[in-house]
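Accompanying notes for the structure given below.
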Amino acid sequence: MRSISILGATGSVGASTLDLVRRNRAEWRVEALTANCQAVELAALAREFGAKLAVVADDSCLPALREALAGSQVEAAGGPAALCEAAARGADVTVAAIVGCAGLGPTMAAIEQGGVVALANKEALVSAGAVMTAAVARHGATLLPVDSEHNAIFQCLHGEELADVRWITLTASGGPLRTWTPEQLASATPAQAVAHPNWDMGAKISVDSATMMNKGLEVIEANHLFPVGLERIRVVVHPQSVIHSLVEYHDGSTLAQLGPSDMRVPIASCLAWPRRMKTELQPLDLPTIGTLSFFAPDEERFPATRLAREAAQAGGAAPAVLNAANEVAVAAFLAGQIAFTDICALVAQTLSGTLSGAPGTLDEVLAVDREARIRAAEALEHV
Ligand code: NDP
């Protein structure tokens, strides 16, 4: 039996992970489950899985969590420090599935325990790339990519040398607004932007998918996980989301990973790594799918991938600023405060200000994140 903690248990990735644990109950002991404020949902999961600890990041939600756990054996805690303490209790596998840079502290706390960290929380790696990868090496942790594209690349690189790689190609579905004109994009509503054709995901990543910022963040993520050089990482739009990414080697061979658009596939790969586990998913039916198509990204209508690449090239604080500004802009869009096309404009404006030097510690990354959020919030006033 192995122990598992899930940071962000009440979210979309959390639910997919718990579904796999539910189907393999004899193999897992649940240590800690966390949420932001969905206390009742968290308590129900903690009871169902017999978790030792349940934590809400927002401590104003702790009374509701305590009430919902009354009479159970589950310990309850609240607040950002409790979240990091939960991650630091150590588990054989920690699934880092909090959305946004809010997941950075707890993810780093899990890495410092030196176990397996299955990383979904791409914003943490984008903001703190060098700091996080150095911590992984220092603490002997194993970072496994949950993100379907990076999990695909990880699988395609198995037993290979990075020096033999010519290209890493990230596939992008293009999101629900892929074929929209600039005029239509300017009036896209939150409901339209989150209506992803292939994947059922949380609201923030769904909007990122519609703007293509998700792919931009993933280019930066890939650059940290698979350091072949930024110029060797490219993006192709593949609306069917059947091929999850590809690696081309110098000899002309290209390896790809294919599978259904279901996060339980890459999560299962992480949970069972270095082996495989059975899932109940429908097998890939290629004759029914019929056609796979590919397009070059259109950075005129969707400038996010260009912005992300520029931030990665600039290095230093730029990726953390890009991420923070995007989080602020997406929240404002979802709240109906700005237009869809303002998201990237706001990110570009925030990036154009003076940037601080490269953050070398977790606290420095968090300081850059805070400052960028203030700048992005100021920019919001003028949209
Ligand atoms: P969701 O919005 O569905 O879930 C987010 C989880 O994080 C919830 O448990 C939520 O708690 C918790 N949370 C939110 N804000 C905070 C906070 N400030 N502090 C602590 N916990 C918080 O997100 P997803 O599951 O879609 O995505 C999670 C991460 O995985 C993201 O980084 C995303 O980019 C990445 N990812 C997601 C994929 C997907 O298919 N969904 C695919 C690939 C990557 P509460 O419920 O209480 O709000």
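Order of appearance sets the numbers: ligands from 1, and atoms from 1 within every ligand. On a predicted model such as this, the values are computed, not experimentally measured, just so you know.
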Between [X] and [Y], do the side chains contain an N or O donor and an N or O acceptor separated by less than 3.5 Å?
X      : Y      : answer
Thr171 : His244 : no
Ser60  : Asp58  : yes
Ser269 : Asn151 : yes
His224 : Thr133 : no
Gln240 : His238 : yes

Checking a contact table here: which protein heavy atom is nearest [atom], and how many Å away?
atom                    : value
atom 41 (N) of ligand 1 : Ser12 OG, 3.1 Å
atom 28 (C) of ligand 1 : Ala97 O, 3.3 Å
atom 33 (C) of ligand 1 : Ile205 CD1, 3.9 Å
atom 26 (O) of ligand 1 : Gly202 N, 2.9 Å
atom 9 (O) of ligand 1  : Thr10 OG1, 2.7 Å
atom 29 (C) of ligand 1 : Ile98 O, 3.7 Å
atom 25 (O) of ligand 1 : Val13 N, 2.9 Å
atom 48 (O) of ligand 1 : Asn36 CB, 3.7 Å

Below 4.5 Å, heavy atoms only, C-beta onward: do Glu221 and Asp147 meet side chain to side chain?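 Yes, side chains in contact.
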
Heavy-atom check, side chain of Pro260 versus side chain of Val265, under 4.5 Å: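 Pro260 reaches Val265 side chain to side chain.
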
Do the rings of Trp273 and Phe154 sit parallel, tilted or perpendicular, given the 30° and 60° boundaries? tilted

N or O contact, [X] vs ligand 1, cut-off under 3.5 Å:
X      : value
Thr34  : no
Glu123 : yes
Asp147 : no
Met263 : no

Per-atom contacts of ligand 1 with [X], taking only distances under 4.0 Å to non-hydrogen atoms:
X      : answer
Gln38  : 45 (P), 46 (O), 47 (O)
Gly8   : 6 (C), 7 (O), 9 (O)
Ala57  : 19 (N), 20 (C)
Ala102 : 17 (C), 18 (N), 19 (N)

Atom CD of Gln313: over 12 foreign heavy atoms under 6.0 Å: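 Atom CD in Gln313 is packed in, count exceeds 12.
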
Flag yes if more than 12 heavy atoms outside Asp92 fall under 6.0 Å of its CG atom; otherwise flag no.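 Yes, because the 6.0 Å sphere around CG of Asp92 holds more than 12 heavy atoms from other groups.
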
Closest to atom 30 (O) of ligand 1 (judged by heavy-atom distance), picking from Ser16, Ala120, Pro106: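 Shortest heavy-atom distance from atom 30 (O) of ligand 1: Ala120.
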
Just checking, Arg234 and Trp167: is the charged tip under 6.0 Å from the six-membered ring centre and within 45° of the axis? yes

Judged by non-hydrogen atoms, does Lys122 sit under 4.0 Å from ligand 1? yes

Quick one: does Ala9 get a heavy atom under 4.0 Å from ligand 1?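 Contact present.
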
Which one of Val330, Val328, Leu322 satisfies the side chain to side chain contact (heavy atoms under 4.5 Å, CB included) criterion with Asn326? Val330

